[in-house]
Amino acid sequence: MTLTKLPSLRPESEGQSRFRINVKTSEVYRQQTEAVLRQILSMSEVDIDLAKAIANETEVVQIKPIYDLRIHEMQSLAPGAIALSDSIEGRLKPERIRSQNQLGFRPNGEAFEVDLWAFSETDLKHNGMPQTFDDWFPH
């Protein structure tokens, strides 16, 4: 079974793929983001149709707008971010979904853990060294 065929374990993603790439970008950086995504997908061994991925026509890869991820009202809204409601409380997902941590990769390949409830990130290190994309997906 290929990586993209494994079923999701998340309650809100029943029937979808476990392996998904969600790319967040504002319209200002859309073309630059697509170029980086093309590089990543062309270097990976994941069986994804590149043209469909860039066109947002696959469940495995989705390019989405940047949403308001502030923890409190006093924080500035990220440039180009879309506010989902008038208040912080109004845009939060249920805790049963947001309590999960997920793995992310920065453009330089370094790995980080995302706490989707607290909207926080933690750089992942092993023996004091940053963990990277290659640690999870060796060539």
Side-chain angles (χ1 to χ4, degrees):
M1 180 175 286
T2 65
L3 185 60
T4 58
K5 300 298 182 203
L6 291 171
S8 176
L9 299 175
R10 296 173 60 188
E12 77 277 18
S13 303
E14 191 174 328
Q16 295 181 6
S17 172
R18 185 179 312 176
F19 178 80
R20 296 188 330 206
I21 300 171
N22 286 323
V23 179
K24 307 288 187 174
T25 187
S26 63
E27 282 302 315
V28 173
Y29 296 108
R30 175 74 187 227
Q31 288 182 329
Q32 181 181 356
T33 302
E34 287 179 5
V36 171
L37 182 59
R38 275 188 181 91
Q39 283 182 304
I40 291 169
L41 292 177
S42 66
M43 290 171 27
S44 77
E45 294 181 13
V46 178
D47 184 25
I48 296 173
D49 183 314
L50 184 58
K52 285 186 176 182
I54 298 299
N56 253 8
E57 296 174 354
T58 172
E59 288 183 8
V60 176
V61 177
Q62 287 287 300
I63 302 173
K64 301 177 179 181
I66 297 173
Y67 298 115
D68 176 2
L69 298 180
R70 297 173 295 163
I71 297 170
H72 54 79
E73 299 287 347
M74 299 306 292
Q75 285 179 283
S76 300
L77 188 62
I82 296 173
L84 298 177
S85 79
D86 294 335
S87 72
I88 296 292
E89 293 78 23
R91 63 138 171 91
L92 294 176
K93 287 187 176 183
E95 186 170 354
R96 69 180 182 84
I97 295 170
R98 286 289 178 187
S99 64
Q100 298 178 14
N101 291 351
Q102 293 188 6
L103 176 65
F105 296 100
R106 302 197 191 290
N108 66 359
E110 291 182 5
F112 63 99
E113 181 179 22
V114 181
D115 181 330
L116 294 176
W117 180 245
F119 295 110
S120 65
E121 297 178 357
T122 305
D123 292 328
L124 296 177
K125 298 188 182 293
H126 181 71
N127 293 331
M129 297 297 297
Q131 290 188 286
T132 67
F133 183 85
D134 289 337
D135 296 333
W136 272 271
F137 306 105
H139 299 291

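For clarity, every value in this text was computed on a predicted model and none was experimentally measured. In this chain, residues are counted from 1 in sequence order.
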Shortest non-hydrogen pair, Arg30 vs Ile54, comes out as NH2-O, 3.4 Å
Side-chain (Asn108) to main-chain (Glu110) donor-acceptor, under 3.5 angstrom: yes
Check for me, please, whether Leu41 and Val60 land in the same ILVMFWY cluster - side-chain distances under 4.5 Å, paths through other members count. yes
For Phe105 and Phe112 the tightest heavy-atom approach is N-CE2, 3.4 Å
What about Val23 and Ile40, same hydrophobic cluster or not, with Ile/Leu/Val/Met/Phe/Trp/Tyr joined at side-chain heavy-atom distances under 4.5 Å? no
Would you name the heavy atoms of Asn56 and Val61 that are closest together and state the gap between them? OD1-O, 4.1 Å
Check the surroundings of atom NZ in Lys125: do more than 12 heavy atoms from other residues, nucleotides or ligands lie under 6.0 Å from it? yes
So, Gln62 side chain and Thr58 main chain: donor-acceptor pair closer than 3.5 Å or not? yes
Quick check for you: to the nearest 0.5 Å, what is the distance between Gln102 atom CD and Asn22 atom CG? 8.0 Å
To the closest 0.5 Å, what do you measure between CD (Glu34) and OG1 (Thr25)? 8.5 Å
Derivation of the side-chain contact (heavy atoms from CB on, under 4.5 Å) call for Asp123 and Arg106: CA-CA 10 Å; Asp123 292 328; Arg106 302 197 191 290; 2.8 Å; yes
